[in-house]
*Asks:* 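If you scroll down you'll find the structure; I have some questions about it.
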Amino acid sequence: MPSRTQSDASEPLVWLLMGNRAGDNSQVLGLGEALGWPLVEKHFVYTRYEKLVNLPLGAHLLGVMKERSSAIEPPWPDLVISAGRKNEPIARYIRARAAKHPAKHPGKHPGKHPSKHPGAHPSKHVRLVHVGRPWAKPSTWDLVITTPQYRLPRDPNILHNETPLHRVTRARLDEAARAWEARVAHLPRPRIAVLAGGNSGPYPFNRDSGERLARELNQLVAELGGSLLVTTSARTLDETTQALSDGIAAPSIVYRWKKSDPDNPFFGFLGLADRVVVTADSVSMMTEACATGRPVYLYDTGEGITSMKRNPWLDGKGDSGKESGEEGGSVFDRWHLKAWIYRLTMRLGPERLTRDIRIVQQLLVDSERAIWLGDGHPKALTRPLEDMPRAVARVRALFPGRDATAR
């Protein structure tokens, strides 16, 4: 762990708990970067049985493969930012260890209890900020930063933002765009970035959905002119990627996602885009698209009873594929079954332990930040997102007297 310089010693030290979900990691990194305080990333590999030990919601590392994960040891942080169920016990463990086992100055009084010696640091209260939906009681955290799809209560320590946090800034997009500018110079404008996600709950993004997206993209380019800058993600199925790639007839570049690829064009394509099409399965990707300030189209990956945009069946107004407008649908189809289970969970499950991404989709449409693909064209200029400044202000308020200017 890097040592802190005298110039930043007054600034809170922040640990960022990184998991295995790109959307969660993007939110944690985005908030950390926006704070401008010293950051240390902690990466974890989880055991196969982590659900069994994490569900009791204790403060422990039982779900972590320690030999393959970052060390959890002093000097302790002032702030831990986490997201996702798997990292909740880790965050609480860090706070408990910092309170019971304060750090010592190196080389002083080895093997003895630090509180008996002048070289010891006093125990400290590590503040915990959780992003998204916590599984433990919200009162566990100093601050929860959440979004509408999780439908959490209006408690004092819960900040209700409109959209998830993210890492999209104009400076980052401009820098990434410069790295890709020469490689897309042959493609006509307007350039339309396409962000492809994956299956999400009852909403499929499979071969059929990929073929349909390709047809709608071809139609969009035929109407507007220009070209497509397509990037898939870690969740995009191979069959979907192939169907999308094979079906696109317009001038294009199609990037197939690769793990830890330093040449990933995600930010570059967003920086070069005149318009953006994003699959509506990912709240994070929809937010990143809207954060560019470019016109945004949402693509409904499902149809009929698996549709996001118009789904009377999920809203309780229909009970079969036929009633929801899907011809020849069978309620025993895999995705129909998922939709039925989803509807049942939304109706009977605890509200704060379910999520409805359609709330955010509708918010983006109602605020005129986006429009459904096929419903016309969005406005050229959109109202900027203000969620990150609100989140930064609330986190800084946890450290009165130490709110140093972001560097």
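Just so you know, residue 1 is the first one in the sequence shown, and it goes up from there.
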*Asks:* Less than 6.0 angstrom separating the ring centers of Trp372 and Tyr297, yes or no?
*Replies:* no
*Asks:* If you draw a 6.0 Å radius around CD in Glu175, do more than 12 non-hydrogen atoms from other residues or ligands fall strictly inside?
*Replies:* no
*Asks:* Can you list every pair that meets ring pair (Phe, Tyr, Trp, His ring centres under 6.0 Å) and has a residue in residues 225-245, with sequence neighbours left out?
*Replies:* none
*Asks:* Arg21: which residues meet the salt bridge (Lys or Arg N to Asp or Glu O under 4.0 Å) condition with it, sequence neighbours left out?
*Replies:* none
*Asks:* Between Tyr46 and Asn87, do the side chains contain an N or O donor and an N or O acceptor separated by less than 3.5 Å?
*Replies:* yes
*Asks:* Quick one: does Leu220's side chain get under 4.5 Å of Leu373's, heavy atoms only?
*Replies:* yes
*Asks:* Testing the 3.5 Å rule here: is there a donor-acceptor pair between the side chains of Ser70 and His43?
*Replies:* no
*Asks:* Within the structure provided, determine whether His377 and Ile371 are in side-chain contact (heavy-atom separation under 4.5 Å).
*Replies:* no
*Asks:* Can we say Arg212 and Asp300 salt-bridge, meaning some charged N sits less than 4.0 Å from an Asp/Glu carboxylate O?
*Replies:* no
*Asks:* Under the rule for salt bridge (Lys or Arg N to Asp or Glu O under 4.0 Å), what residues qualify as partners of Arg275, not counting sequence neighbours?
*Replies:* none
*Asks:* Taking the basic N atoms (NZ, or NE/NH1/NH2) and the acidic carboxylate oxygens, is any pair closer than 4.0 Å for Arg127 and Asp78?
*Replies:* no
*Asks:* Looking at every non-hydrogen atom in both residues, tell me the closest pair between Leu13 and Pro75 and how far apart they are.
*Replies:* CD2-O, 4.4 Å
*Asks:* What's the shortest heavy-atom distance between Ala98 and Val126, and which atoms?
*Replies:* CB-CG2, 3.5 Å
*Asks:* Run the salt-bridge test on Arg85 and Glu50 with the 4.0 Å N-O cut-off and return the result as yes or no.
*Replies:* yes
*Asks:* Going by the ring pair (Phe, Tyr, Trp, His ring centres under 6.0 Å) test, which pairs reach into residues 210-252, not counting sequence neighbours?
*Replies:* none
*Asks:* Sequence neighbours excluded, which residues qualify as salt bridge (Lys or Arg N to Asp or Glu O under 4.0 Å) partners of Asp246?
*Replies:* none
*Asks:* Is Asp274 salt-bridged to Arg189, cutoff N-O under 4.0 Å?
*Replies:* yes
*Asks:* Do other residues, nucleotides or ligands put more than 12 heavy atoms under 6.0 Å from the CG atom of Asp263?
*Replies:* yes
*Asks:* Between Arg172 and Glu33, is the closest basic N to carboxylate O distance under 4.0 Å?
*Replies:* yes
*Asks:* Kindly say whether the aromatic ring centers of Phe399 and Trp37 come within a distance under 6.0 Å.
*Replies:* yes
*Asks:* Other residues, nucleotides and ligands only: do more than 12 of their heavy atoms fall within 6.0 Å of NZ on Lys51?
*Replies:* no
*Asks:* Counting only heavy atoms from other residues, nucleotides and ligands, does the tally under 6.0 Å from CD of Gln219 exceed 12?
*Replies:* no
*Asks:* So, for Thr147 and Thr163, which heavy atoms are closest and what is the spacing to 0.1 Å?
*Replies:* CG2-C, 3.2 Å
*Asks:* Using salt bridge (Lys or Arg N to Asp or Glu O under 4.0 Å) as the criterion, list what pairs up with Arg256, not counting sequence neighbours.
*Replies:* none
*Asks:* So do the side chains of Val168 and Phe267 get within less than 4.5 Å of each other, counting heavy atoms only?
*Replies:* yes
*Asks:* Please state whether the rings of Tyr299 and Phe205 are parallel, tilted or perpendicular, taking 30° and 60° as the class boundaries.
*Replies:* perpendicular
*Asks:* Tell me, do Ile145 and His130 make a side-chain contact under 4.5 Å, heavy atoms counted?
*Replies:* no
